[in-house]
Every structure is written in structure tokens, then in C-alpha cells.
Amino acid sequence: MNRCIAATPPRRTPASPANPCIVVDTHNDTMMRVVDPATWLPQVDIGTNTPFHVDIPKMRRGGLNVPFFAAYSQGYPSHHRNLSRTLALLYALHWTVKANGSSMAVAKSVQDIERLAALGIIAAVPAVEGAYCIRPQDGHEILRQLHDLGVRALSLTWNHSNSLGEGVSRTYPEGTPSDGGLTGFGREVIEEVNRLGIILDVSHLSKATFWGALEASRAPVIASHTGISAVRRHDRNLDDDQIRALARAGGAVQVAFARNFLWEPARLATVASIVHHIDHVVRLVGVDHTGIGSDFDGTDVPEDLADASGLPRIAQELTRRGYGRSDIERILGGNTMRILREVEAVAEPSKNLAPFFTQCPEMGHVTDQDVPVLSARVDERIGELHAPSYRVILDGRVLESTCDEGGILSARAGMPLTRGQDGFHVLTFEAAISTGEVARETRIIYAR
């Protein structure tokens, strides 16, 4: 059995040079379970045992070091609702981390993941599933704000099509048929994703969009939760040509645990079914191009892998089939870690300055004002820098702002804030200097 994924809490056996395996699951929908279905505010702490597939005790027992937590939007008619839903699930993750700071932290880089794994702390990676909150008029600013919040993986669509490309259902959210693949704007977004160091996720795309996205990306991509058509024919599964192309580009196919992706009839899907899919990828393109992306808390999973505590059973089945420790480590996390490194290598070098703002609204700040004044204090150290310029950005819109003699940078929201389910907003204070370096503080706020 693979020692690094045995049911021993990672805190006792952290990843280290002596025990290098880092186990990565590139997709779960647990934050959808954390939030209240009516308000979208977080209400369930996964720091203790829950009925969910994923919580901290289950991840500990299963040896899961690096879960990707999806902020999923299905494509609402309203842009505000798509943005608010995405932000609500990202805020739920930040809220969860704050409540469990000794057990889990947000990881924004490979260095963060390796540092946290060595300490036995779960490295949570925020991801966006379905970029319906990104549109041509303000999408580049919103994408950068999402990056500030820690998003390191992004899929262009869920099943429904949008302004970036066509989804696998080949219809827009309201049911209108779509046609074509990646759009010109989608290509721009991929360029920005590459520049920022965010992994492009090609799950849920139509074939035309898949091929366009693969051609447009300068960095390796992943299919974060999918299956293999040669094993089980399904619209969401990848065919052999797609798998070969992903491998040629240095990417990986992350096998989902969704019963209906795995086997027919779905009720008979098992851990062995998951490994059948992994086996096919390995035979086709080698062991360096596959991994796991469970889809926990977003799908029905096999009875013999009921939640994250059961992950060691995958290692057991791989061992039974003759896989060695090194190959198992690559499948369970090493391949994804390699892709993360390569995506970071393609990204533009960071020009981020140390934080220069104080008295910012806290993450999750609640406002009752229709058109609030948003403010932060500029640290006096910024006066030592060259020609600072300031911006305040709300939901991708650059607001008219002022910085007074006392160092208070402020801006009025400009229009009444949407509220309730549409009430999550993303706020950034920015200071840029003539050398191109930038200091930013980004928060999610809530208008009730």
C-alpha cells in the first residue's frame, strides 16, 4: 500500500523529503454544502464531522493534502448573480480557513503547498468552475481580483455556453442552442490566465471549445474531473484523441468518481472502475498524464469510496494491479504538482509589492448602505516609492477615487449595491508605482 496515503493523519506524517508524496484532488463541490441555500452565507463548519463527502476529519483520515475547492456557477441570466455566486463560494472557503487556521490554509503557489504539507496543514486551492462572472466589459479586472483571492484553476464554462466558449450541452443557460467553439474573448481570457499563473481547466467544454482552448494555452491544462470515453461513453468524458492532445501539451486527465462517468449501470461503479479509467490513460499516454478529481459533494460516488476518508483504496487497487510506489505517487498528486510548477513557470513574474494598506474592510465585511464609501489607509511607506497612483476597483469596475492628506484612499460605490443572493461583491485597493510594481488588497464584502 502507498504509505503516503495511508489512513494516518498528515499532521503526524507530513510531506517532506523523507515522505515526498502530496495527494491532490483537483475538484470538489463541498463549499456548495457549506453555504445556506437561501442566503449563500456560510453556515456549516467542516472542521468537524459532517454528512458531506469532504470535511477536515475525513481529509485527515484519507491523507488528502491538497483539495481544490470549486466555486461553481451554472450560468444565471444575471451577471450580478453569477459573480455573487462565485464570490459566495470563495468566501465560504476563506471563512472555513479562518475557522480552522491550524488545520487548513489557502495555498496560492507551489511553494505554499509544499510549506503547508510539510507542516501537516491542508493546502486548499480555490478554483472557479464555469466562468460566467467574466464578461468582455470588465472580465480582465474581475479575473485579476479572483487571482488576488487565491483562484489558481479556472474552467471557461460549466455545461452551458457563455461569452468565452461553447459548453458540452451546446446551449446557453436559457436553452438557446449555441454554435462554435472558443470565442475571441475566450482566447483573451486564456492569455490572461496563462499570464497570471492560473491553471486552465478544460472540463465541461464542447469538443470545438476544447480544441480551441488547447491551441490557445501556452501552459499545460487539466481536465479537473472527467472520465474516459473508451471505458464509459458519456458526453462529459474525453476520447482518446483528446487525451493524446492533453498529454502532448504536458497536461493531465483527472479521473472523477462520478458513478455515471465511470460505469454502466452507474450503480455498479466501484473503486476498481476508477482505476479502469486511470489504467486506460496510462496505457494510452503514460503514467505522467493522469490524476484524481473526485467531484465529491457534487455527484454520486461509488459505495466503496463513500467520502474522502476512503482515498487509500485507490492506492490499494493500484498496488494490486502492479503499480509501483513512484507511479502511484505521480497519479495521486505528483503529476498535478508538476503541472502547477509548469503553469507558474509560464506566468509573468510577479511585481507585487508588500501590503501598503491598513484599515481595509475585513474579508466578509457586511454593509447596510446602498452606496457606501469604500476606504483604506495608505501606509506612509508608500511615500518613499516613485510616483504612486491609486485605484479602487469594485466588481471589476474602476471607481473614481481620492487619496487625502491623511492617507485615506476612498471611493463611493457609484451605484446601489445588489443585495441578498446578489449581495457578494469583490473590492480591491491598489497602489501602482512607476517601476510597474503594484500593491493590492482584495476583499469579498456583502450587502444585506
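In plain terms, the two heavy atoms of Leu205 and Ala213 that are nearest each other are CD1-CB, 4.2 Å. Across all non-hydrogen atoms, the minimal contact from Val426 to Leu87 is N-CD1, 3.6 Å. Residues Val231 and Leu262 approach most closely at CG1-O, 4.3 Å, considering heavy atoms. Shortest non-hydrogen contact noted between Ala223 and Thr226 is CB-CG2, 3.7 Å. Closest approach of His289 to Val285, counting heavy atoms only: CD2-O, 3.4 Å. Counting all heavy atoms, side chain and backbone alike, Leu427 lies closest to Phe429 at CD2-CE1, 3.7 Å.
One N or O on the side chain of Asn162 and one on the backbone of Leu156 form a donor-acceptor pair closer than 3.5 Å. Side-chain atoms of Arg236 never come within 3.5 Å of backbone atoms of Gly227 as a donor-acceptor pair (strictly under, hydrogens ignored). For the pair Asn159 (side chain) and Gly167 (backbone), a donor-acceptor distance under 3.5 Å is absent. The backbone N or O of Ala258 lies less than 3.5 Å from no partner atom in the side chain of Asp295, so there is not a single donor-acceptor pair. Between the side chain of Ser178 and the backbone N or O of Tyr172, no donor-acceptor pair lies under 3.5 Å. A donor-acceptor pair is defined here as one N or O able to donate and one able to accept, closer than 3.5 Å; such a pair exists between the side chain of Ser155 and the backbone of Gly130. Side-chain N or O atoms of Asp297 include one that pairs as donor or acceptor with a backbone N or O of His53 at under 3.5 Å. With hydrogens and angles ignored, the 3.5 Å screen pairs no side-chain donor or acceptor of Asp235 with any backbone N or O of Ser169. Between the side chain of Asp240 and the main chain of Leu284, no donor-acceptor pair closer than 3.5 Å is present. Side-chain atoms of Asp327 never come within 3.5 Å of backbone atoms of Tyr323 as a donor-acceptor pair (strictly under, hydrogens ignored).
Arg144 places a side-chain heavy atom less than 4.5 Å from the side chain of Arg440. Inter-residue side-chain proximity for Val378 and Cys403 is flagged as met; some heavy-atom pair is nearer than 4.5 Å. Considering only heavy atoms from C-beta on, Arg443 comes within 4.5 Å of Cys360 through its side chain. At a threshold of 4.5 Å between non-hydrogen side-chain atoms, the residues Ile134 and Leu154 count as touching. In this structure, the side chains of Asp379 and Phe357 stay at 4.5 Å or more apart for every pair of heavy atoms. Between Arg170 and Lys207, every side-chain heavy-atom pair lies at or beyond the 4.5 Å cut-off. Counting heavy atoms from C-beta on, the side chains of Arg330 and Arg338 never come closer than 4.5 Å. Taking the side chain as every heavy atom from C-beta outward, Asp138 and His79 approach each other to under 4.5 Å.
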side-chain contact (heavy atoms from CB on, under 4.5 Å) between Glu141 and Val398, intermediate numbers included:
CA-CA 9 Å; Glu141 290 287 358; Val398 180; 4.1 Å; yes
Before giving the answer on salt bridge (Lys or Arg N to Asp or Glu O under 4.0 Å), spell out for Glu437 and Lys351 the whole-Å C-alpha distance, their side-chain angles and the decisive distance to 0.1 Å.
CA-CA 5 Å; Glu437 295 172 291; Lys351 294 185 178 180; over 6 Å; no
Go through the steps to decide whether Gln145 and Thr442 satisfy the test side-chain hydrogen bond (donor to acceptor under 3.5 Å, both in side chains), and finish with yes or no.
CA-CA 7 Å; Gln145 289 183 294; Thr442 298; 5.4 Å; no
Check step by step if side-chain contact (heavy atoms from CB on, under 4.5 Å) holds for Val66 and Val125.
CA-CA 7 Å; Val66 188; Val125 178; 3.7 Å; yes
For Arg233 and Asn237, what are the C-alpha separation, side-chain angles and deciding distance, and is it a side-chain contact (heavy atoms from CB on, under 4.5 Å)?
CA-CA 7 Å; Arg233 186 169 294 280; Asn237 290 351; over 6 Å; no
Given the rule in the side-chain contact (heavy atoms from CB on, under 4.5 Å) test, do Ile56 and Arg60 qualify, once you have shown the distances and angles that lead to the verdict?
CA-CA 6 Å; Ile56 289 175; Arg60 290 269 187 230; 4.2 Å; yes
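Legend: ring pair (Phe, Tyr, Trp, His ring centres under 6.0 Å) pairs involving residues 196-229, not counting sequence neighbours, sorted by first then second residue: His27-His225, Trp158-His204, His204-His225. Sorted by first and then second residue, the ring pair (Phe, Tyr, Trp, His ring centres under 6.0 Å) pairs with a member in residues 226-256 read His234-Phe261; sequence neighbours excluded.
Here the CZ atom belonging to Arg397 is positioned 11.5 Å from the CD1 atom belonging to Ile393, to the nearest 0.5 angstrom. Atom CD of residue Gln74 and atom CZ of residue Arg85 lie 8.0 Å apart, to the nearest 0.5 angstrom. Atom CD of Glu317 sits about 9.5 Å away from atom CD1 of Ile274, to the nearest 0.5 Å. The line from CG of Leu214 to OG1 of Thr209 is 12.0 Å long, rounded to the nearest 0.5 Å. Between atom CG of residue Leu182 and atom CG of residue Leu164 there is a gap of 7.5 Å, rounded to the nearest 0.5 Å. The distance from the CG atom of Leu353 to the CD atom of Glu430 is 10.5 Å, given to the nearest 0.5 Å.
The pair Glu191-Arg187 fails the salt-bridge criterion, with no side-chain N (NZ, NE, NH1 or NH2) lying under 4.0 Å from an Asp/Glu carboxylate O. A salt bridge does not link Lys98 with Glu362: none of the charged nitrogens is closer than 4.0 Å to a carboxylate oxygen.
Annotation: Gln111, atom CD; neighbour count of heavy atoms from other residues, nucleotides and ligands within 6.0 Å does not exceed 12.
Qualifying salt bridge (Lys or Arg N to Asp or Glu O under 4.0 Å) partners for Arg248, counting only residues two or more places apart in sequence or in other chains: none.
Checked against Asn28 for a side chain to side chain donor-acceptor pair (under 3.5 Å), the options Asp25, Thr26, Thr30 give a single hit: Thr30. When Ile339, Ile198, Val110, Ile199 are each tested for a side chain to side chain contact (heavy atoms under 4.5 Å, CB included) with Glu344, only one passes: Val110.
Ring pair Phe296/Phe257 is perpendicular by interplanar angle, where above 60° counts as perpendicular and below 30° as parallel.
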